[in-house]
Amino acid sequence: MERYEHKKVEEKWRERWAQANVYRTTEDADKEKFYILDMFPYPSGEGLHVGHPKGYIATDIISRYKKMQGFNVLHPMGWDAFGLPAEQYALKNKVHPRIGTDKNIATFKKQLEKISLNYDWEREISTTDPKFYKWTQWTFIQMYKKGLVFQSNEPINWCPSCKTGLANEDLENGCCERCDTPIEKKKIPQWVIKITDYADRMLADIDKLDWQESIKESQRNWIGRSEGAEIDFNVKTSKQKTNVILMHGKDTNPQEKWYPWLAEKMNVEGISFEAPILPNPSDPHIDEWLEELDNLKPNENTTLIGHSRGGIAILRWLEKQSKDFKVKKVILVAANYAKINEKHTEEGTHGFYTEVGYNFEEIKKHCDDFVVLHSRDDGWVPFEHGEINAKGLDAKFLTFDDKGHFGSKLEKQEIPELLGEIVQEQNVILIHGCPSDEEKAKNPETRTYNKQWLSWIKEKLEQKNIKVDFPLMPHPWKPSYDEYKKEFEKLDINENSILIGTSCGTSFLLRWLGETKQKVKSLIMVAPWHEPELDKKHKTDFYNFNIDEEINNRVENIVIFTSDNDYEIGMKSAKLFEKKFDAKVVNIKGHGHYLENQMGTVEFPELLDNVLDSCVGVNDKSESIKVFTTRPDTLYGATYMVLAPEHELINNEKLKIKNWDEVVEYQKLAQAKTEIERTAEGKEKTGVKLEGVMAINPVSGEEIPIFIADYVLADYGTGAIMAVPAHDERDFEFAQKYQISIKCVIEPHLSVEIDEYGEDVAREKMETMRKQILEGKLCYTKNGDLINSDEFTGMNWIDAKEKITQKAGGEMTTSYKLRDWVFSRQRYWGEPMPLIHCDKCGVVTVPEEELPLILPEVESYEPTGTGESPLAAIDEWVNTKCPECGGPAKRETNTMPQWAGSSWYYLRYIDPKNNKELVDKTQEKYWSPVDFYVGGAEHATRHLIYARFWHKFLYDIGVVSYDEPFSKLQTVGLIMAEDGRKMSKRWGNVVNPDDVIDRFGSDTFRLYEMFMGPFDASVAWSMDGLVGPRKFLEKIWKMYHLEFTNGETSKELQKTLHKTIKKVGEDIEEMKYNTAISAMMVLVNQLEKEKSISADDFGKFLTILSPFAPHMTQELWNKIENKTFLIEEKWPEYENQYLIDDEIELVVQVNGKVRDKIMVTAGLSEEDAKEKALASEKVKKHIDGKEIRKVIFVQGKLISIVV
RNA sequence: GCCUCGGUGGCGGAAUUGGUAGACGCGUUGGACUCAAAAUCCAAUGUUCGCAAGAACGUGAGAGUUCAAGUCUCUCCCGAGGCACCA
């Protein structure tokens, strides 16, 4: 008998098939198409190992099966050949990477050919082929033109070993996935593709893909959509806090008089207050008191208060200060004008009094703000002293009639007026305008045309506890400055005041500010009005005055609201004021002169925003922190904020961060840390508080501290968070470490706990848990109803999310984990980017007719490590002409990442030689999308994300006709080495398919790989295991040679044959190759017993086996007198008549246990089955006279008797 | 920590979706052939008890639903893969 010699047989057929070109793709438009694709390999220098072909064999089987079923099948292969290893090899051996790449491709191809995979090699492609990468570059240019490509200077992931930047996707645990080197952050200009623009579509379309759930989940995960809100927190640069020093008078001490009252008030206001016991109070020496004052170190934030003799000390002390020294304010209470008179001598007063009195000019250099309090009935220091002092110091002079020497005559020992000078409340004053129509103006109802929106503003501000005055001015239709002034000065106007005037109100405010030299915080002029001529017409003294440009220096913030359809004078005035004051102008279209009928609304949010900005001490909108949160419902619990160390706001000089050095040090530390250190598990959180700034919780108004900490990531969300320690684990941990207050705003919900722990456990632990949470000792991250949240208290969390966001002025948004695609690599072996930098025209794309932009030869492939690619060294290549202006320009020297070509290669197989288009439209329409895509799970995120993005882009520009590239996707399970580890050169456990094929043959190899286990499971290789499939093939070989195949097929065998045909077909479709093979083994085992089968039936068997073992089946197929190629044969059809058994084995159970199996005819009725079952001896034994309670009958399967 | 799969003989793995657990293959043991070995063929092979007929147990552990659970439900343990300070 002829032995099965696999080599002879396999080589013979490989040649014949090649001659007949059987693998060529047929394109018969009448037939249905089937595009089945393998992920193309990177041709490494090591060649294939036994794990690589597993997926290729599977697709080969499907491809053959589909061909036999009459489909046009596209089954191509190519090479993903750009990339680092080829370049590293080139570096080492000083050969061009192309040479190594070509060699590797040749090796791979030879190995694959031995397996007889039915690829149409005429469609072979390589990403490194200029004819191919022409279209990679072309697509890149289209993306550029659509604005999807931009240059970024943000720090990127830099692998110091590969000396190139990497995309986020290229990292593994913060290391380079290629060489495991920890990644550094490096600032080099990078080309980035806005893949995030497609995030939503990529996410949504996952649902229409027939992919494994796990891969879909990875994609969803990677895109990482979360819904939440963006909310602005205003930042308050803490005003340098005032401190107050009190110098008491002669013959007293800080525990007497009104001093303790003041101390208490200062304590309430949180103002630091010092009132030393001055030496020898009954006989003070000036030197001793001045020394005391020296020790207290007053500074520019200090307010000095001096009572009587204490006042003298302060003025004397100021006389002696150096040139640039200043204090904030000096308040003199009943202080003497200390010039020697008959009562006092210099000696007798130990230097308090001098011949010349005070040197007021000198004193005034050290303070701009003096207040003098004096009472006319002062029995100790005459009122005139107060007058002299006030005059000499240009002081604000507060006079009294009955306070005496501010001693015993003082009511309750309190001076409220004094307090008002120290603690100035912020208030807003609204000065209305007036209609020009006198009749209307006289009517109190219509007197102020803008009463309604001013009232709206007032209401809104008062909701935020801001004091608002809205005085009605006397006869504004014929205004008098003095009367206005009298009315106006009844109000408390101080340097924290915000003045808002509209129309003629602005005239008044400007004049008043100019004349009184008052300092205020803000002046907001709505529809400003300056018309000096008007006085003549109205016979008033109101409109004609000189505008004092110095106002600009006394008012921190001047804003003008105007409109494009204001009256001409209004617009002129706005322009004039803008120029004079260098003011900020806000133009709201269509608001006219801000008359209510012109505005059409009483709401004026722009103004409100502006006022609120001033209220918290911020002029510029940018000085706020935008955060992203998924839990806006917990906003009331935000007790601090955290910025990423790289957050741009930190560098904003306006913040005047006090602990700048500490902050910079932390930033450096964070930057030096590798990604690994930063994200290491269980790592303790660190951070630094920004001293001198606070944020305002936009709903509760609370001032909360701001930290920088590296647990907040710069490139997710907004790079800043609101921290809610009570309801977020990370914030909780941080808050505990830095002792920040923890405020619970979500009431734990019993039902939530019951869902998780079950009723009993939940009820038991609920009370203690709840208590701990409310006390801030436990963090509660689940959902519940709101507490401690003003008007939202009691609301459920779903409603609260939106409502609170609304109140905070934020908006609901979506955030993604997906980052934009860092697309440039600083290496040689990749597609050159088709961009040109021109000094005149900026960045210009290479004209499409010049594509492909060929990768030039270079002397050294050595990466520079500086962030420049080796291409930068080729002057004659780099220097080029600008395609737009023809002037000198330079080429972009970065290359594209390896993922570029692989993002669209599958389209090129459809039309691989087309030089005019990426792919012909008609062909694309026919073949696209890929029906079945098979490859490694390691590409679940990167390759598939990039390819889906790239494809969607091509869809958008009309190159492809469907918006997803791969309809169905299946991952291959790894083949592990026999030792259970991954196959790797490192472990020396690599099995080469060539050796296996040599020993066992390609058919055995193919069968074994498919028989090992479920296709997507990872299974260890076993040389012993190969014996099974080999024996299986040899059995079949023998069957022909023992002439089994000349006989008849028994009915039993025919049944098995047809069942097998059915099963193998189904199993191929479901990728259950292992069970398909085992079914064929069953058939062969049965045939081995029967020793007889018709040639026709044997042929059918060979046909269904042929996709698995094409060579031997082909040989035997020809031996049984066929001349055709099996791959061109039709897949056999199974006949239903053989699938039905006429006699079946019925299982008899008693109480659920199998007691007997009886042979019965297939269509047996329940009654008959019961009868037969009860007749069985074995069954009788178990029933044994017991009562039969129930009988369950399953047609064709079993009968179950319950006793 | 979160998500997604899994856990079945000595090993790789089947099991029509609730209906005979262990198909098929490897290995092992015994036998046939042979002077012998290899190859091949035949038989056995979940565990325990038993000469046997047979019985009991048995799909990570424990509970539950059911006439019947590898399959469904709950709790827990272990393994693989993915994500991971993502607000």
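Proteins get letters first, then strands, A, B, ... in listed order; numbering begins at 1 in each.
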Exercise for review: Mind checking salt bridge (Lys or Arg N to Asp or Glu O under 4.0 Å) for A:K817 and listing every partner two or more places apart, or none if nothing turns up?
Suggested key: none

Point to revise | Touch class at under 4.0 angstrom, heavy-atom based, for A:N1085 against every strand present | key: sugar-phosphate

Check your understanding: What distance, rounded to whole Å, do you find between the two P atoms, one in B:C26 and one in B:A21?
Key -> 25 Å

Review point. What is the glycosidic conformation of B:G9: syn, defined as within 90° of 0, or anti?
Key: syn

Point to revise | Span that lies between the C1' atom of B:G60 and that of B:A52, in whole angstrom | key: 36 Å

Point to revise | Aromatic ring proximity A:F1011/A:Y1073, centre distance under 6.0 Å | key: no

Review point. Roughly how far apart, to the nearest Å, are B:U28 and B:C76 at atom C1'?
Key: 37 Å

Practice item. Kindly state whether the ring of A:Y1040 and the ring of A:F1044 have centres lying under 6.0 angstrom apart. Key: no

Practice item. Indicate yes or no: does A:D200 engage A:R225 in a salt bridge with an N to O separation below 4.0 Å. Key: yes

Point to revise | Donor/acceptor link under 3.5 angstrom from A:K685 side chain onto base of B:C85 | key: yes

Point to revise | Inter-nucleotide C1' distance (B:C2, B:G12), Å rounded | key: 32 Å

Study note, to complete from the structure: Among B:C67, B:A87, B:G82, the one nearest any side-chain atom of A:K1190 is B:C67

Exercise for review: For B:G46 and B:U59, measure between their P atoms and round to the nearest Å.
Suggested key: 16 Å

Review point. Are OP1 or OP2 of B:A55 and a side-chain N or O of A:R1155 less than 4.0 angstrom apart?
Key: yes

Practice item. Select one nucleotide: of B:A87, B:C57, B:C85, the one nearest the side-chain heavy atoms of A:K1153. Key: B:C57

Point to revise | Nearest-angstrom distance, C1' atom, B:A15 to B:G30 | key: 30 Å

Study note, to complete from the structure: Symbol by symbol from the 5' end, with Watson-Crick or G-U pairs under 3.5 Å, [ ] crossing and | another strand, RNA chain B is (((((((..(((......[....)))((((((.......))))))((((....))))..(((((..]....))))))))))))....

Check your understanding: Looking across every strand, which nucleic acid part, if any, lies under 4.0 Å from A:S226 by heavy atom: base, sugar-phosphate, or nothing?
Key -> sugar-phosphate

**Study point:** Between C1' of B:G82 and NE2 of A:H939, the distance in whole Å
**Key:** 15 Å

Taking only distance into account, with no hydrogens and no angle test, what donor-acceptor pairs under 3.5 Å do side-chain atoms of residues 1028-1035 of chain A form with protein atoms, sequence neighbours excluded?
unit_1	atom_1	unit_2	atom_2	d
A:R1030	NE	A:E1034	OE2	2.7
A:R1030	NH1	A:H6	ND1	2.9
A:R1030	NH1	A:F1000	O	3.1
A:R1030	NH2	A:Y4	O	3.3
A:R1030	NH2	A:E1034	OE2	3.1
A:K1035	NZ	A:N1085	OD1	3.1

Practice item. Starting at atom CZ of A:R225, determine the distance to atom P of B:A87, rounded to an integer number of angstrom. Key: 13 Å

Shorter than 3.5 Å, N or O on both sides, protein versus nucleotides 38-45 of chain B: list them out with atom names.
none

Exercise for review: Could you pull out all residues at least two apart from A:E1066 that satisfy salt bridge (Lys or Arg N to Asp or Glu O under 4.0 Å)?
Suggested key: A:K1062

Point to revise | pair A:D633-A:T805: side-chain heavy atoms closer than 4.5 Å | key: no

Revision key, fill the gap. Applying salt bridge (Lys or Arg N to Asp or Glu O under 4.0 Å) to A:K54 and not counting sequence neighbours gives none

Produce the list of close N/O pairs, under 3.5 Å, pairing protein atoms with atoms of nucleotides 13-21 of chain B; give distances to one decimal.
unit_1	atom_1	unit_2	atom_2	d
B:A14	OP1	A:N1074	ND2	3.3
B:G19	N2	A:Q1149	OE1	3.1
B:U20	O2	A:K1157	NZ	2.7
B:U20	N3	A:E1145	OE1	2.9
B:U20	O4	A:E1145	OE1	2.9

Check your understanding: Rounded to the nearest Å, what distance is computed from the CG atom of residue A:L974 to the P atom of nucleotide B:G12?
Key -> 17 Å

Study note, to complete from the structure: Residues passing the side chain to side chain donor-acceptor pair (under 3.5 Å) test with A:T718, sequence neighbours excluded, are none

Practice item. Select base, sugar-phosphate, or nothing to describe what A:R819 touches, counting heavy atoms under 4.0 Å on all strands. Key: base

Revision key, fill the gap. Side chain to side chain donor-acceptor pair (under 3.5 Å) filter on A:S218, not counting sequence neighbours, yields none

Check your understanding: In whole angstrom, what separates A:M1023's CE from B:G12's C1'?
Key -> 16 Å

Practice item. Provide the distance between the two P atoms, one in B:C11 and one in B:A61, to the nearest whole Å. Key: 15 Å

Review point. With sequence neighbours excluded, what pairs up with A:A1173 under the side chain to side chain contact (heavy atoms under 4.5 Å, CB included) test?
Key: A:V1148, A:I1199, A:I1201

**Study point:** Chi class for B:U17: syn within 90° of 0, otherwise anti
**Key:** syn

Practice item. Specify the residue among A:S815 and A:A1079 whose closest nucleotide of RNA chain B lies further upstream toward the 5′ end. Key: A:A1079

**Study point:** Nearest-angstrom distance, P atom, B:U8 to B:U71
**Key:** 13 Å

**Study point:** Any residue meeting side chain to side chain donor-acceptor pair (under 3.5 Å) with A:S226, in chain and number order, not counting sequence neighbours
**Key:** A:Y716

Review point. Charged N to carboxylate O below 4.0 Å: is that the case for A:K7 and A:E5?
Key: no

Exercise for review: For A:L643 and B:C85, give me the distance from atom CG to atom C1', rounded to whole Å.
Suggested key: 16 Å

Review point. Atom CH2 of A:W1021 and atom P of B:C26: how far apart are they, to the nearest Å?
Key: 15 Å

Check your understanding: How many Å lie between NZ on A:K1059 and C1' on B:C24, as a whole number?
Key -> 16 Å

**Study point:** Whole-Å distance separating the CZ atom of A:F628 from the C1' atom of B:C85
**Key:** 16 Å

Check your understanding: When you measure from the side chain of A:E217, which nucleotide among B:A87, B:C57, B:C3 comes out closest?
Key -> B:C3

Check your understanding: Under the side chain to side chain donor-acceptor pair (under 3.5 Å) test, which residues partner A:D1067, sequence neighbours left out?
Key -> A:K1063, A:T1075

